[in-house]
Enquirer: 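The structure under discussion is supplied below as structure tokens; questions concerning it will follow.
Because only heavy atoms are used, hydrogens play no part in the values below, and waters and symmetry mates are left out as well, while side chains stay in. Residues: numbered from 1 along the sequence shown.
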Amino acid sequence: MYRLLVLLSVAFAASGCDAGPCSRSACGPSEMCDPVDGTCHCGAVEGPVCTLPTRCQAETLVCLPEATCGAGTRWFPGVPAFREVTDEWGLRGVEGVKLSVTDIDGDGWADLEVRRGAAHVEDDPAVRRTWLLHNTGSGFEDVTESSGFLTRRLAEPGGRPVDVVAWGDVDNDGDLDAFTGVPTSDLEASGGETTEILLNDGNGHFSLTAASNAARRSESVDAPSGATFVDVDHDGRLDLWEVQHNYSGASGQIYLQNDRLWRGDGTGTFTDVTSEMGLITSDWDSADVVNMGLGHNRAWAAASCDLDGDGYAELLAASYGRSPNHLWVARRGGGGFDNRSVASGYAYDDDMSWEDNQFARCFCNANRAAEGCASVPPPAISCADNWNHATDREPFRLGGNSASTICGDVDNDGDIDLMTSEIRHWWAGLGADGGELLINDGTANFTRPGDAATGLAIDHGGEGNWDEGHMTGALFDFDNDGWLDAYVGGSDYAGNRGRLYRNQGGDSLGFTEVPPADGIDHNRSHGIVVADFDRDGDLDVIVGHSRARCDASLPNNCYETSQIRFFENLAGDGGNFVQLHLEGGEGTNRAAIGARVRVTTPDGVTQTQEVDGGHGLYGTQRDLVLHFGLGASCEAVVEVRWPDAELTTETFSVVSGYRFHVVQGEPPTLAD
């Protein structure tokens, strides 16, 4: 628990100046004496009066406490990094693979939302699918029913299905509301319910918006697979980027459709502005259309972050089924978007080899006269007719099954990089994309150094038959050394487990795996959230578990249930850190989603983070409270660029060991 201090800005009895006419020599070097009240003010006569245990930071007219500071922490092999505390926190029986962090009542403790499996009406108490869990500070209490989170619009029994979730203050009243996406192609599963916007009353109780809200898409088939809140036009009202997966008709035919951008009006009502903002894609009329990233995708996740540094967020859609990932670059000023999926390097990598695909080898073994087949080696599998020589060599078919994209500055160079997660199979060959880091050059163009170069490659132990089910992951600083580490969730296939990697830091980008015995030992890891759940100054981890393709005869098998697991951070204990809870002012969305924060320590290391509006496979979300490890430093300079029309930038100093509440236009104060 943080020391509970208050930054005082009201006048107290004089403690350094004579009452009445000032004795300037009695004030400290950073203080000025006000002859009216006879007290010493920080930095200027209009500055606050700093009383013990705070001290004056004259440059920013702020009173700061003394730093809680040590030598700094870094993880080393053999040192325990986490310990499991699932039962201690009351999470036994909570099952799921889709998790998000929120704070439903604004008490400063990170709450938890969990979903299990495909969306379905909650009509069987024995098959629980959704949980909303309130953090009491020492455990979680189930408030799903009492909160109204699953209230049905129809007068039918059971709870409303929920498949995709994102959190944001859509009506700017100071609490977090929710987007809950529901697929409607299966009317039995959805029970006639639709996607909904839920408004929070500030105490964690939710109500539905008007039935006429266009975001419900009640007149069309909805197949949401990811969502992120973002203020695309910087009008101070949150908008919503919602991406779509494919769906099947009665005949079994697969249908694709356009992703959607919804403009918020500040009340919880949204209007479709997809076409107006230039975000239109097309049917798969030709391979060229798909190769250029111009066709509808089969999205599995949404994301938004400012990739070119101009203050306006780009929109991303990670796509399943070897269709190109989409990157829409914002035009400065919020005037729309341009499709730079392929040109940026995000759509797929540049490895277009196909000859080591085992089904291609089957085809070529039987068709040596076919184009490119003469020298292709024989296959190492029992052959099946699973190769179309005309289309399977196209670039889009040599992409990946992209599940999540996570934004983060992994090299601390001031721009936002990307980490992708992908499902990859040995038989597909090197041409199929795997999950990896995409390094930003600052202009939303990416290079792919490769997992071997960054230390993220997985040793499959010489096994020829392997699958990587990497669908979820996270970037976060688990040892408070000031560099983002990586967690890759491996799921759904034999041998898959969660993998935690420590960022080595410095000029040469590289990661080292934390052994499961030291870190997080968790099979079939599907779903992850990161937050300082116990508020002790380091980041804890909660992971989900998938029971797909279980087989007790194969390694890293499933557990008995899809029980989530809570791992308490040990590596960051006693480390130096600062946490920032931002609140937007006039012209900025209240939750400050999209704000960019730079934290620079005296050793010259600058970290860059943005407040997350949602990302990841079927919706996950980072804590809106930003956490920065400070390494060996006891203080830092913070720069906040607010997502208002002017891109207002504010700079102030902080000290280690505290969480600060930062209201736009005001000095930072210590959070309760």
Enquirer: Please tell me if the side chains of F149 and T180 come closer than 4.5 Å, counting only heavy atoms from C-beta onward.
Expert: yes

Enquirer: Quickly, which of R497, R424, R499 forms a salt bridge (charged side-chain N to carboxylate O under 4.0 Å, His left out) with E468? Name it, please.
Expert: R424

Enquirer: Going by the ring-ring contact (aromatic ring centres under 6.0 Å, His included) test, name the single residue among W466, F359, W387 that passes it with W427.
Expert: F359

Enquirer: Report the C-alpha distance between W284 and F396 in whole Å, list the side-chain angles of each, state the deciding distance to 0.1 Å, and finish with yes or no for ring-ring contact (aromatic ring centres under 6.0 Å, His included).
Expert: CA-CA 11 Å; W284 288 23; F396 79 89; 5.6 Å; yes

Enquirer: Got a second to check how far I381's CD1 is from N357's CG, nearest 0.5 Å?
Expert: 8.0 Å

Enquirer: Do side-chain atoms of D417 reach the backbone of N440 as a donor and acceptor pair under 3.5 angstrom?
Expert: yes

Enquirer: Any donor-acceptor pair under 3.5 Å linking the side chain of E122 with the backbone of R129?
Expert: yes

Enquirer: About how many Å separate CG of D518 and CG of L500, when rounded to the nearest 0.5 Å?
Expert: 10.0 Å

Enquirer: Using side-chain heavy atoms (C-beta onward) and a distance below 4.5 Å, is T194 in contact with R217?
Expert: no

Enquirer: Roughly how far apart are T195 OG1 and F270 CZ, rounded to 0.5 Å?
Expert: 12.0 Å

Enquirer: Which class fits the ring pair Y618 and H245: parallel under 30°, tilted 30 to 60°, perpendicular over 60°?
Expert: perpendicular

Enquirer: In the structure I gave you, are the side-chain heavy atoms of M277 and W328 within less than 4.5 Å of one another anywhere?
Expert: no

Enquirer: In chain order, what residues pass the side-chain hydrogen bond (donor to acceptor under 3.5 Å, both in side chains) check against E436, with sequence neighbours excluded?
Expert: R448

Enquirer: For residues L437 and L418, determine if any side-chain heavy atom of one lies less than 4.5 Å from a side-chain heavy atom of the other.
Expert: no

Enquirer: Quick check on side chain to side chain donor-acceptor pair (under 3.5 Å): which of N258, D222, D259 does Q244 satisfy it with?
Expert: D222

Enquirer: Sub-3.5 Å donor-acceptor pair from the side chain of R524 to the main-chain atoms of N557, do we have one?
Expert: no

Enquirer: How many angstroms lie between atom CD1 of I439 and atom CG of N445, to the nearest 0.5 angstrom?
Expert: 13.5 Å

Enquirer: Determine yes or no for a side-chain-to-main-chain donor-acceptor pair under 3.5 angstrom, with N503 supplying the side chain and V410 the backbone.
Expert: yes

Enquirer: For residues Y320 and S225, is any side-chain donor paired with an opposing acceptor at under 3.5 Å?
Expert: no

Enquirer: Evaluate the salt bridge (charged side-chain N to carboxylate O under 4.0 Å, His left out) criterion for residues R115 and D163: first the C-alpha distance (whole Å), next the side-chain angles of each, then the deciding distance (0.1 Å), finally the verdict.
Expert: CA-CA 7 Å; R115 286 147 283 150; D163 210 21; over 6 Å; no

Enquirer: Kindly indicate whether the side chain of Y346, heavy atoms from C-beta on, has any atom under 4.5 Å from the side chain of T405.
Expert: yes

Enquirer: Does the side chain of W167 come within less than 4.5 Å of S100's, by heavy atoms?
Expert: yes

Enquirer: Is it the case that the side chain of H545 and the backbone of N523 share a donor-acceptor pair, with hydrogens and angles ignored and the cut-off at 3.5 Å?
Expert: yes

Enquirer: Looking at I528, T620, L475, L484, which hits side chain to side chain contact (heavy atoms under 4.5 Å, CB included) with I406?
Expert: L475

Enquirer: Does H522 use its side chain to pair, donor to acceptor, with the backbone of G544 at less than 3.5 Å?
Expert: yes

Enquirer: State, yes or no, whether a side-chain contact exists between I416 and T608 at a heavy-atom distance under 4.5 Å.
Expert: yes

Enquirer: With a sphere of 6.0 Å drawn around CG of D385, does it hold more than 12 non-hydrogen atoms of other residues, nucleotides or ligands?
Expert: no

Enquirer: Would you say the side chain of I254 lies within less than 4.5 Å of the side chain of L256, judging by non-hydrogen atoms?
Expert: yes

Enquirer: Taking only Lys NZ, Arg NE, NH1 and NH2, and the carboxylate oxygens of Asp or Glu, determine whether E314 and R340 approach each other closer than 4.0 Å.
Expert: no

Enquirer: According to the interplanar angle, ranging from 0 to 90°, do the rings of F363 and H389 count as parallel (below 30°), tilted (30 to 60°) or perpendicular (above 60°)?
Expert: parallel

